[in-house]
Amino acid sequence: MKRLGIVLLAIVVIVGAFWIGLMANFPGESVSRFVERQVDGRQGFDLLLTPAELRWNRLYVARAELRRRDNAVAQPLFVVTDFAIPLTWRLIRGLPAEGELGKGGHVEAFLPWSTGGEARLDGAVDLAAVPLPAVLNPITVGGQVDVRGRFKMDADAQRGARLPDGTLEVNGRELVVNGVKVGGVDMPATRLDALAVTLETGRTVTVRRFEFRGDLQGTVDGTLTPSLASPRNSLLGLHITTAFRDAWLAQLGSLRVIVESFLNRGRVDLSLTGTVGNPQLRPQRAGN
């Protein structure tokens, strides 16, 4: 029994020494560049990774950025810090990952190896700490958002040719939007007490539920046709119905008369068409 213990201890020491040596000599720069090339070759954007590190129980990357290929100096589309792939038994079935989205934000994901497997996404995000695409400047957003997604990864989705079929749920609270301009005029800050969204994803994203409550209260329905190679060219086909708090309308100044001219029983109908890069927001006048 004593001999068995010595043998086991020796095995632990050997394995530990091997792992320490592997961590010290891990080719993190080469691994990060290899992953970047794999992603860049399939998508219309660039992935930038800091050198990967091998730790005791995970593969770690300090920062990952997603940038538009045609404008590398613009603000990143997406930033994840402290990105990690835990070294667990789950690697047999797929790729687990986790990371931080700004201060207080966290995301966990799982991508299956097999075609037809289920991918999962769960996260909580502080929107104020997440950079927005440059196309939305100077708009800023704040508040807390919880995200839950379940997707079936067929061959096209695994190649990145299209979004996978599935469902994405978003629930937000204490949201605030600043920097919106209409006709060159600054709109007041817009606060939403609650937001509930359910999207059916695939080649077309269909809005199954989109409800908001706050300074604006209403719903959104319609579709969005994403272009993964060029997100700015994603097609919009949305219908928005909303009402307004009196306190928010009072801040519009000269715009209030224009907004109220579109009201029908206290609400306004809007169509959002065009593309993400060139959205067309058109109100429908009362009686039309």
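Residues Phe151 and Thr167 come closest through the heavy atom pair CE2-O, 3.8 Å. Minimum heavy-atom separation, Pro279 to Leu272: CB-CD1, 4.0 Å. Scanning both residues, Lys152 and Gly116, for their nearest heavy atoms gives CG-O, 3.8 Å. Minimum heavy-atom separation, Leu249 to Arg256: O-CD, 3.4 Å. Shown here for Leu168 and Gly149, the closest heavy-atom pair between the two residues is CD1-CA, 4.1 Å. Of all heavy-atom pairs spanning Ser234 and Leu224, the tightest one is CB-CD2, 4.3 Å.
Ion pairing between Arg63 and Glu65 holds under the 4.0 Å rule for side-chain N and carboxylate O. A salt bridge does not link Arg58 with Asp82: none of the charged nitrogens is closer than 4.0 Å to a carboxylate oxygen. A salt bridge does not link Arg150 to Glu169: none of the charged nitrogens lies less than 4.0 Å from a carboxylate oxygen.
By the 6.0 Å contact criterion, CD on Gln144 is enclosed, its count of non-hydrogen atoms from other residues, nucleotides or ligands being greater than 12.
Atom CZ of Arg173 sits about 11.0 Å away from atom CG of Leu195, to the nearest 0.5 Å. From Arg213, atom CZ reaches atom CD of Glu211 across 9.5 Å, with rounding to the nearest 0.5 Å. A distance of 8.0 Å separates CD in Gln217 from CG in Asp193, rounded to the nearest 0.5 Å.
With no hydrogens or angles considered, a side-chain donor-acceptor pair links Arg282 and Thr273 at under 3.5 Å.
Between Thr241 and the choices Asp269, Thr219, Asp221, the side chain to side chain donor-acceptor pair (under 3.5 Å) rule is met once, by Asp269.
The aromatic rings of Trp248 and Phe244 sit parallel, their planes meeting at an angle under 30°, below the 60° perpendicular limit.
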